[in-house]
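Following: one structure in structure tokens, then a few remarks.
Please read these numbers as outputs of a predicted model, since none were measured by experiment.
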Amino acid sequence: LLNRDHASFPAIASALDDPDNEVRAHAARIVGGHRGRRVIEEMMKADDGEAVAAAMKCIIADPGLARIDARRFVDHPDRRVRAIAAEMLAGRGDSATVLKQLLDDGSADVRNAAAKALIRVDRAAVHDVLEHGSVRARETALQALIAEDESDGYLRTWAATEIDRASELNRWRTAIEARVDGASIAAEYLARVLAKRERMVERWVVTALGTQSTRAALPLVARGAISGDAETKAEALEAIESIADRTLARRLSALLEGGDNGTPPYRLQALRELTADHQYWFRALAARTIFDELVQDLDAAADAAAADDSTVVQTAIPEYETRLKTNGELTVIDAILTLQLAPMFENLDPEELEALAHLTEERNFEPGEVVYSKGSPGDELLMIVAGSASIQAEGGSVLAVAGEGEPVGELGVLRKQPRMADIVAGEEGLRALVIEGGGFMKLLEEQPSMATALMGKLAERIALTVDPTGAAGSAPAEL
């Protein structure tokens, strides 16, 4: 409007006071000058992340509005601000280290922005993340390289290494699963994590092996290749050999078909090897398995864990008096081993559960103690570590009982409504991890996989509640 008719200036200037952050920021950009810069500077100082993000977007479009150091905003609590900060760092040659850190951000939006920026700043740094980063950082780096049409042979070389890695994961998993009776919770979770990582690496390799013209079909082929249906899997493997590098495709096909991955090591040898792996969660879970099962390498594993550079690994082998089954303070790995028992969390990666574990606080309740009263705010949920809790209607009638590894109160947090029943500790008392509701909701927003898992399990619970043929006593924990 301003370009067409200067008479519209008063209307645009009035938008500088608009309650909508986007409108206000764009108006400041159009008005410009001292008045426009002052509005942008005020928005940059706001506690409202939306206001800061709107101002930063206008600064990208018109750098003359304000001079800011984007590195100041990479730790901002709002993911939109962190993502825009990553975008702004694309023009700085000294930003590679910060961008690599943002590639491990909890938000996919931030990771994607950081990957695009890092490719412009230092492509070798993206390669380093793909080879040594966390699972979510590696996933983002791979997708960014594919989007940039990495065609210099690097991805083929990387894929060959990852095929070897998938074989290694398979051998370890086979060895860990060899113990049928008496396996610890840590061992069972470690085996599940290894299996999931194995499938993930296979999917990555299938994606990396394609060319520009074939990559559009590769996601479907990748799902078919790890399918449990023999016919679908066979067709997918044939497709891989026809559209990808033939030598590597044959190696991958052999792996996916369950070919020879070498003789699995003894279980103890597998645990020893895992305690030295570059992925710290493998080291932590292997060390905890050795501790929980009291195998002969306990002292060596304890020394290695104590010297590890990861605090998660350092606390994987606690002192005997602070084990999970005592009243000692729970460590991060204790919390994660508890959280993964819940059906809604059982398929999440350790890194995702680690973010959730940092939101927890241990709390103990005496037998019969009222944990939450009907009508109290639904601002937190519980994960039961030991004992039980009953959900009671008025008059004390029991609607449902939750036991070890079960969540209590998640529907109340999602609804942001007062609790609809009393929660009472069981006869043996209750030991629980309390998860703060606001942080939990923010985590669901930033990690879609966690939100998807939660919605799926809640749907199952609701189905059991309304289905007259469901298990007796089934009831929603609507607290």
### Query
Hey, what do you get for CZ (R120) to OG (S95), rounding to the nearest 0.5 Å?
9.5 Å

### Query
Does the distance from a Lys or Arg side-chain N to an Asp or Glu carboxylate O, for K116 and E87, drop under 4.0 Å?
no

### Task
Show the numbers, then the answer: is there a side chain to side chain contact (heavy atoms under 4.5 Å, CB included) between M383 and E406?
CA-CA 6 Å; M383 275 294 302; E406 292 187 89; over 6 Å; no

#### Entry: Rounded distance (nearest 0.5 Å) linking atom CD of E50 with atom CE of M43
8.5 Å

### Query
What residues form a salt bridge (charged side-chain N to carboxylate O under 4.0 Å, His left out) with R82, not counting sequence neighbours?
D105, E446

### Task
May I ask you to test the I59-M88 pair for a side-chain heavy-atom distance under 4.5 Å?
yes

### Message
I'd like to know if D104 pairs up with R111 as an ion pair, taking the criterion as any Lys NZ or Arg NE/NH1/NH2 lying under 4.0 Å from an Asp or Glu carboxylate oxygen.
### Response
no

#### Entry: Neighbour count >12 (heavy atoms, 6.0 Å) for atom CD, E428
yes

#### Entry: Nearest atoms (heavy-atom pairs only) where A86 meets A117
O-CB, 3.3 Å

### Message
Using every non-hydrogen atom in the two residues, find where A306 and Q314 come nearest and quote the distance to one decimal.
### Response
O-CG, 4.1 Å

### Query
Quick one: side chain to side chain contact (heavy atoms under 4.5 Å, CB included) partners of T360, sequence neighbours excluded?
A335, L433, I435

### Task
Would you please test V385 and E404 for side chain to side chain contact (heavy atoms under 4.5 Å, CB included) and show each step?
CA-CA 5 Å; V385 177; E404 183 174 338; over 6 Å; no

## Note on the structure
Applying salt bridge (charged side-chain N to carboxylate O under 4.0 Å, His left out) to D164 and not counting sequence neighbours gives R251

### Message
Looking at D62 and C58, would you say the former's side chain and the latter's main chain have a donor-acceptor pair under 3.5 Å?
### Response
no

#### Entry: For the student: nearest non-hydrogen atoms of A159 and V205, plus distance
O-CG2, 3.9 Å

### Query
I146 versus L155: any side-chain heavy-atom pair under 4.5 Å?
yes

## Note on the structure
Shortest non-hydrogen pair, I40 vs A66, comes out as CG2-CB, 4.3 Å

### Task
Please work out which of the three classes, parallel, tilted or perpendicular, describes the rings of H132 and H278, given edges at 30° and 60°.
perpendicular

### Query
Any sub-3.5 Å donor-acceptor pair from D128's side-chain atoms to A125's backbone N or O?
no

### Query
Going through the checks in order, is the side chain to side chain contact (heavy atoms under 4.5 Å, CB included) test met by F282 and V193?
CA-CA 9 Å; F282 290 174; V193 171; 3.7 Å; yes

### Message
Any heavy-atom pair between the side chains of W158 and H127 that's under 4.5 Å?
### Response
no

### Query
With sequence neighbours left out, what residues match D75 under salt bridge (charged side-chain N to carboxylate O under 4.0 Å, His left out)?
none

### Query
So which pairs with a foot in residues 348-358 pass side chain to side chain donor-acceptor pair (under 3.5 Å), sequence neighbours left out?
R197-E351, Y280-E354, W281-E354, E352-S449

Mind listing the side-chain donor-acceptor pairs of residues 19-26 below 3.5 Å, one per line with the distance, residues two or more places apart or on another chain?
unit_1	atom_1	unit_2	atom_2	d
D20	OD1	E22	N	2.9
D20	OD1	V23	N	3.0
N21	OD1	R24	NH2	2.6
N21	ND2	D48	OD2	3.1
E22	OE2	K57	NZ	2.7
R24	NH1	D18	O	2.7

### Message
Whether the E198 and N170 side chains hold a donor-acceptor pair (N or O, under 3.5 Å, no angle test) is what I'd like checked.
### Response
yes

### Message
Between R138 and E162, does any NZ, NE, NH1 or NH2 come within less than 4.0 Å of an OD or OE carboxylate oxygen?
### Response
yes

### Query
Salt bridge between R165 and E202, side-chain N to carboxylate O under 4.0 Å?
no

### Query
Does A389 have any side chain to side chain contact (heavy atoms under 4.5 Å, CB included) partners at least two apart in sequence or in another chain, and if so, which?
I384, I423, L430

#### Entry: Nearest atoms (heavy-atom pairs only) where E394 meets S397
O-OG, 4.2 Å

### Query
Do you know which of V98, L118, V121 makes side chain to side chain contact (heavy atoms under 4.5 Å, CB included) with L89?
V98

### Query
Who passes side chain to side chain donor-acceptor pair (under 3.5 Å) against T275, sequence neighbours left out?
none

### Message
Please enumerate all residues that pass salt bridge (charged side-chain N to carboxylate O under 4.0 Å, His left out) together with D94, with sequence neighbours excluded.
### Response
R71, R92

### Query
Residues two or more places apart in sequence or in another chain: which of them pass side chain to side chain donor-acceptor pair (under 3.5 Å) with Q392?
S390

### Query
Between the side chain of R283 and the main-chain N/O of D277, is any donor-acceptor distance below 3.5 Å?
yes

### Query
Between R203 and E139, is there a side-chain N and carboxylate O pair less than 4.0 Å apart?
yes

### Message
Pair H76, M56 - check side chain to side chain contact (heavy atoms under 4.5 Å, CB included), show working.
### Response
CA-CA 13 Å; H76 196 279; M56 291 176 74; over 6 Å; no

### Query
With side chains defined as the heavy atoms from C-beta onward, is the minimum distance between L194 and L274 less than 4.5 Å?
yes

### Residues forming a side chain to side chain contact (heavy atoms under 4.5 Å, CB included) with A195, sequence neighbours excluded
R173

### Message
Between R192 and E177, is the salt bridge (Lys or Arg N to Asp or Glu O under 4.0 Å) condition met? List the steps.
### Response
CA-CA 9 Å; R192 287 213 318 273; E177 291 175 342; over 6 Å; no

### Task
Among V52, V74, V110, find the residue that satisfies the side chain to side chain contact (heavy atoms under 4.5 Å, CB included) test when tested with V81.
V52

### Heavy-atom check, side chain of Y154 versus side chain of L145, under 4.5 Å
yes

### Task
Could you tell me whether the side chain of R80 and the main chain of G49 form a donor-acceptor pair under 3.5 Å?
no

### Query
So do I185 and L341 actually touch side chain to side chain, heavy atoms under 4.5 Å?
yes

### Query
Are the side chain of K374 and the backbone N or O of A393 linked by a donor-acceptor pair below 3.5 Å?
no

### Query
Are L353 and Q340 side-chain neighbours, meaning at least one heavy-atom pair lies under 4.5 Å?
yes

### Message
Would you say that V201 contacts I163 through its side chain, given a criterion of any heavy-atom pair below 4.5 Å between the two side chains?
### Response
no

### Query
So, does K100 use its side chain to make a donor-acceptor pair with the main chain of A114 at under 3.5 Å?
no

### Message
Test of understanding: with side chain to side chain contact (heavy atoms under 4.5 Å, CB included), list the residues that count as partners of A186, not counting sequence neighbours.
### Response
S184, R288, T289, D292, L337

### Query
Where do R419 and S373 come nearest, in terms of heavy atoms and distance?
CB-O, 4.0 Å

### Task
For E380 and Y372, test the side chains for any donor-to-acceptor distance below 3.5 angstrom and give the result as yes or no.
yes

## Note on the structure
Value for CG (D379) from CD (Q417), rounded to nearest 0.5 Å, stands at 12.5 Å

